[in-house]
Every structure is written in structure tokens, then in C-alpha cells.
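Remarks on the structure that follows.
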Amino acid sequence: MSAVSDAPPSPESPPPVRLPVRAGLGRFLVLGTVFVCAACGLVYELELVALASYLVGDSVTQASVVLSVMVFAMGVGSLLAKRLRCRAAVGFGAVEAVLALVGGCSAMALYACFAWCGHSRTALVGFSFAIGVLIGAEVPLLMTLIQRVRRQDAGGAVADLFAADYVGALVGGLAFPFLLLPGFGQLTGALVTGAVNAVAGGALVLWLFRRDLSVRARWTLIVANGLVLAVLAAGAALTPAFERAARQAVYGPGVRVALRSGEQEIVLTGGGASGRPVSLFLGGRLRVSGRDEFRFHEALIHPAMAAGPHRRVLVLGGGDGLAVREVLRYAGVRSVTVVERDAQVVRLARHDPDLSALNHGAYRDPRVRAVTADAFDWLRRPVAYDVVVCDLPGPELTGSTKYYSQEFYGLAERVLTPGGRLVVHAGPLSPAPRAFWTVDATMRSVGLRTAPYVIDTPRPGRGHPHDWGFVLAARSPVGLRLAPHGPRPRSLTPAGLRAARRGAERVREAGLPPSTLMRPRYAE
């Protein structure tokens with residue numbers, strides 16, 4: 001025994017405990033439990049951030065809310081845990097049981113609030129606070145338990161405790177995206193994490209510190225952990241049915257395909273025998289509506305294709321094949337390269353009969369080549385194109401802002417042939433004119449000449465923008481027109497294009513605050 005261990009305990013020092021194993025092994029088991037609990041705590045945190053970003057969007061805001069609330073709550077939990085230090089073993093067992101239940105069910109509860117109540121911000125803050133309080137209560141209780149195993153100086157005990165905690169957080173942070181999310185999904189992954197948390201915390205207390213427990217406390221913890229594990233197991237068994245019901249509440253009763261790729265959730269509704277138009281949702285957001293998608297894609301493609309040569313075309317995004325469908329209507333096209341981050345979207349566009357019919361079997365054309373890559377990385381290749389089409393998520397989504405930055409447009413300008421054109425979907429104009437004109441200003445800042453235009457949507461309202469805004473750009477002045485001998489779009493006329501540009505310019509002339517250039521605020 002060290003000198004510190006032989007010294008009489010201070011009035012505030014916890015008395016030593018008799019363990020079923022040697023003190024060194026007992027200390028190792030406590031630190032191992034710290035490691036597991038830290039990993040589980042970080043997984044709960046990442047689950048909340050990921051699910052809130054998927055449901056609400058704006059990942060920076062959701063991460064800020066979760067992290068700030070949880071860190072504050074951890075401080076509150078540490079203070080509350082002071083009352084439990086006199087019965088640290090029972091307190092730690094109870095905290096872990098509650099944490100396993102709350103953390104394991106948090107993702108499912110958050111999804112339910114969004115699906116059936118229409119909002120999830122209150123639930124997000126509530127679960128972040130509750131989980132933070134419980135995680136914060138762990139450290140003081142574990143500090144007490146590790147000191148009871150083998151007395152050591154406070155500095156050394158804190159160093160050991162936090163070393164195990166930080167390493168556990170590292171493992172949990174890596175396990176979430178590379179193991180739990182692809183292997184189990186968000187909902188089941190949280191439930192599995194809760195089960196691991198309950199087993200680790202319960203085993204430590206009920207076995208290593210069993211002599212600290214009264215018979216009543218021991219059976220209470222056994223029953224509580226058994227109930228928690230039963231609830232988590234029931235949740236895992238019911239997850240498929242729950243997800244189907246939640247998807248129907250969010251997307252309507254016509255959900256035909258629902259799958260999760262490494263990038264996002266992909267949902268396809270309508271088509272088949274339903275008689276409803278096909279709709280494609282990516283990451284919870286409507287990307288394609290079979291009722292009016294042709295208006296969007298005709299406005300995106302035809303002005304760029306009609307403004308000059310179009311032998312080699314690059315489509316960034318657009319894995320649904322609908323932009324490619326419009327490109328292939330021009331006889332002069334020799335090759336089309338589609339760069340899509342999510343291979344599952346391309347696979348669905350190739351093989352789903354309704355989506356393939358909507359894109360006219362674009363991927364069966366030998367001129368079309370689809371590659372799985374990030375648009376930013378692809379533009380670094382030394383290949384020139386006559387037309388570059390950016391059919392990417394709008395600039396209003398934080399994770400997409402890197403595709404609307406000076407760096408991105410500078411790379412796009414480099415791959416244009418002499419006389420080449422770049423066209424960008426710049427988001428809706430009516431609700432966010434500053435964002436639209438910031439995209440235009442950013443494109444001009446890299447030396448491109450722009451022609452902005454906007455078209456009205458046929459069904460404005462909830463879930464649908466009032467208009468779609470686009471910017472056509474080239475190194476020299478470029479006009480909006482249609483090919484005199486090319487395909488005739490259903491939704492565009494020369495007079496309509498001129499009006500589309502005048503309408504966009506009138507918004508700018510009405511007077512807007514000075515725009516700042518789009519720069520990547522967050523690169524995923």
C-alpha cells in the first residue's frame with residue numbers, strides 16, 4: 001500500500017470497499033466502464049445532431065443547439081450528483097439505467113414528434129438537456145467509486161478518469177458513422193447503444209460493488225435494468241413498423257421505396273398502381289415531383305444548351321437523370337458525365353420503372369456516364385466541358401454552401417471550354433432574394449458574366465417554393481434564348497425567358513442590402 005493509501009481517510013473521503021477481485025483489477029473495470037459510458041454518451045449526442053439535421057436541416061444550427069444545451073446540462077448534472085455521493089454505487093446504477101432508457105429512446109421519440117406533431121425543436125432541447133444532466137452526473141459518482149477501490153491522490157484519479165472518458169468518446173465518435181449508422185440505422189443504433197450502456201453500468205454496480213448495496217437496492221436495480229432492456233428490445237423489434245408508420249405520416253400513404261444510403265434517406269412515393277405522380281425525397285426534402293419537375297429541368301437545361309456548343313456536358317448532382325433527359329434532347333451532344341455523391345440515387349433512377357420512365361431511360365443511353373464522387377473534387381480534374389450544370393441542393397442548406405462558394409465557381413470556370421457555359425440552380429428568389437443575388441455576385445467575382453432568371457412554380461404553398469431561381473454564366477456576355485432548330489420545351493418560350501430575367505432584375509433594382517460573397521461555412 002502506498003503512503004497515501006495508509007493515511008487515515010479524511011471526513012469527506014469515502015470508506016474503502018471490499019471487492020470480489022483485487023484492487024488493481026477492480027480499478028481497471030471501473031475505468032473500462034468509464035470508457036463504455038463515454039462512448040455511449042457521445043453516440044447519443046451524435047444521434048441527436050444527425051437526426052435533427054435530417055429532420056430540420058441546417059446542421060450547424062442543430063449541432064450548436066445540442067452541444068450548447070448538453071454542455072450546460074452536464075454542469076447541472078455534476079452539481080446534482082453531489083447529493084448522491086454518499087451512496088455512489090446505487091446512484092451510479094440508477095443514473096445509468098435512466099440514461100440508457102432516455103438516450104436509447106431519444107431518436108425514436110424525436111422522429112415521432114416530427115412525424116405526428118410537425119415539429120421537433122422542443123423535443124430536441126428536452127432530450128439534449130436530460131441526457132446532458134445524466135452524463136454530467138456520471139463523473140462525480142465514478143470519481144467516488146474509483147477512490148473507494150484504491151485510494152490515490154485526487155489529481156491522479158482525475159487524470160485516469162478523464163483519460164478513459166476521452167478515449168471512450170473517440171471510439172464512440174468513430175463507431176457512430178462507421179458502424180452503428182450503416183449497420184443499424186439511426187433509430188436501432190440508438191437503442192443498441194442504450195442496451196450496451198445499461199449492461200455496462202448495471203454489471204459494474206451489481207457485481208463489483210454488490211457489497212455496497214442493500215438487498216432492496218440490489219433487486220431494485222436488477223428489475224430497473226431488466227425493464228430498460230425489455231423496453232429497448234421491444235423498440236428494436238418495432239422499429240420497422242414504426243418507421244413505416246412515421247414515413248406515412250410524413251410523406252403520405254403512397255411510400256413505395258424507402259432506403260438509407262451512406263449519404264441520406266431516399267424515399268420514393270407515387271407511381272405504380274397508385275395513379276399518383278412520382279415524388280422523390282432525399283434527406284426528407286422533396287427533390288422531384290412528377291407533376292411539375294419538367295418545368296424546373298427545362299428552365300435549368302435549355303437556356304444553357306441553346307447558348308452555344310454542347311458536345312461535352314457535365315451534370316453535377318442530378319442523379320435522378322431528369323436533367324440528363326433534357327440534355328439528351330439535343331442532337332449535338334456527344335458525352336454526358338453525371339457526378340452524383342449518392343450511388344443509390346443513380347441505381348434507383350436506373351432500375352425503378354416509374355423513375356426510369358420519368359427520365360426516359362436516360363442512363364441507358366451510351367453517351368451517359370455516371371460516377372460516384374463529390375462535385376468539388378471532380379472539378380479539380382483537367383477535363384474541359386462545353387456546358388456545366390449544377391443540379392445540386394439549394395444554397396439555403398448549410399451543408400451545400402461549399403457548392404456556392406468562390407472556390408467552387410473558380411474550379412467550374414477552369415473546366416469550361418472557350419464559349420462554355422455554367423448554369424446553377426440558385427434557390428428560390430421570393431423568400432430569399434439576398435441569397436439568390438449573393439450566388440450571382442459570387443459567380444461574377446471569379447470573372448464570369450451572368451444572366452439571372454426566375455420562373456414561377458405552378459403550385460406554391462406549404463412544402464413548395466413560389467419560384468425557382470437560376471443563374472446562367474460564361475466568360476463573355478451570355479443571353480437567354482432557345483435553340484431555333486432545337487427541341488421545344490413545354491414550359492419555356494423566348495418571350496417567357498426575357499420576362500424571367502426582367503423579373504429577377506426588378507427584385508435587385510428594388511434595393512437589397514449589400515451582399516457578401518458565398519463562402520463555405522461548413523464543409524461536410
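Here the straight-line distance linking atom CD1 of Ile146 with atom CZ of Arg27 works out to 5.5 Å at 0.5 Å rounding. Between the CG atom of Asn359 and the NE2 atom of His297 there is a distance of 10.0 Å, given to the nearest 0.5 Å. The CD atom of Gln186 sits 10.5 Å away from the OG atom of Ser106 when rounded to the nearest 0.5 Å. Here Asp342 contributes atom CG and Ile266 contributes atom CD1; the two are 4.0 Å apart, rounded to the nearest 0.5 Å. Atoms CG and CZ, from Asp377 and Arg380 in turn, are 6.0 Å apart once rounded to the nearest 0.5 Å. To the nearest 0.5 angstrom, Leu145 atom CG is 7.0 Å from Phe92 atom CZ.
For the residue pair Ser430/Asp467, the side-chain donor-acceptor check at 3.5 Å is satisfied. For the residue pair Thr144/Arg85, the side-chain donor-acceptor check at 3.5 Å is satisfied.
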Could you go through the side chain to side chain contact (heavy atoms under 4.5 Å, CB included) check for Cys37 and Asn197 one step at a time?
CA-CA 6 Å; Cys37 292; Asn197 200 163; 3.9 Å; yes

Kindly indicate, with the supporting measurements, whether the criterion side chain to side chain contact (heavy atoms under 4.5 Å, CB included) is fulfilled by Val315 and Cys390.
CA-CA 6 Å; Val315 179; Cys390 292; over 6 Å; no

Steps toward side chain to side chain contact (heavy atoms under 4.5 Å, CB included) verdict (Val21, Trp207)
CA-CA 10 Å; Val21 295; Trp207 179 65; 3.5 Å; yes

Applying side chain to side chain contact (heavy atoms under 4.5 Å, CB included), run through Val231 and Leu101 and close with a yes or a no.
CA-CA 8 Å; Val231 170; Leu101 180 63; 3.8 Å; yes

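Checked by atom type and distance alone, the side chain of Ser279 never pairs as donor or acceptor with a backbone atom of Ser289 at under 3.5 Å. In this structure, the side chain of Arg218 does not engage the main chain of Val215 through any donor-acceptor pair within 3.5 Å. Side chain of Thr188 to main chain of Gly185: no donor-acceptor pair is present (N/O by atom type, distance under 3.5 Å, no hydrogens or angles). Listed for the Asn225 side chain is a donor-acceptor partner under 3.5 Å among the backbone atoms of Leu221.
Aromatic ring centres of Tyr404 and Phe408: separated by at least 6.0 Å.
For the side chain to side chain contact (heavy atoms under 4.5 Å, CB included) with Leu48, the qualifying choice from Val125, Leu124, Val43 is Leu124, the only one to do so.
Note on ring orientation: taking the six-membered ring where Trp is involved, the planes of Tyr111 and Phe114 are parallel (angle under 30°, cut-offs 30° and 60°). Ring pair His425/Phe296 is perpendicular by interplanar angle, where above 60° counts as perpendicular and below 30° as parallel.
In this structure the side chain of Arg256 never reaches within 4.5 angstrom of the side chain of Thr269, judged on heavy atoms. Arg350 is listed as a side-chain neighbour of Val346, based on a closest heavy-atom distance under 4.5 Å. Annotation: side chain of Val257 is in contact with side chain of Leu259 (closest heavy-atom distance under 4.5 Å). Within the 4.5 Å cutoff, side-chain heavy atoms of Leu358 are placed close to those of Glu293. Contact of the Thr33 side chain with the Glu96 side chain is not registered, since no non-hydrogen atoms from C-beta on lie closer than 4.5 Å. A 4.5 Å side-chain heavy-atom check between Leu99 and Tyr44 finds at least one atom pair inside the cut-off.
In this structure, Glu265 pairs ionically with Arg247, as a charged nitrogen and a carboxylate oxygen lie closer than 4.0 Å. Under 4.0 Å is where a charged nitrogen must lie from a carboxylate oxygen, and between Asp352 and Arg347 no such pair does. A salt bridge links Lys402 and Asp374; the closest N-O separation between the charged side-chain nitrogens and carboxylate oxygens is under 4.0 Å.
Under the 6.0 Å distance and 45° angle rule, Arg381 counts as a cation-pi partner of Trp378.
More than 12 heavy atoms of other shown residues, nucleotides or ligands fall within 6.0 angstrom of atom CZ in Phe242. By the neighbour-count criterion of 12 heavy atoms within 6.0 Å, atom CH2 of Trp116 is densely surrounded, having more than that number from other residues, nucleotides or ligands.
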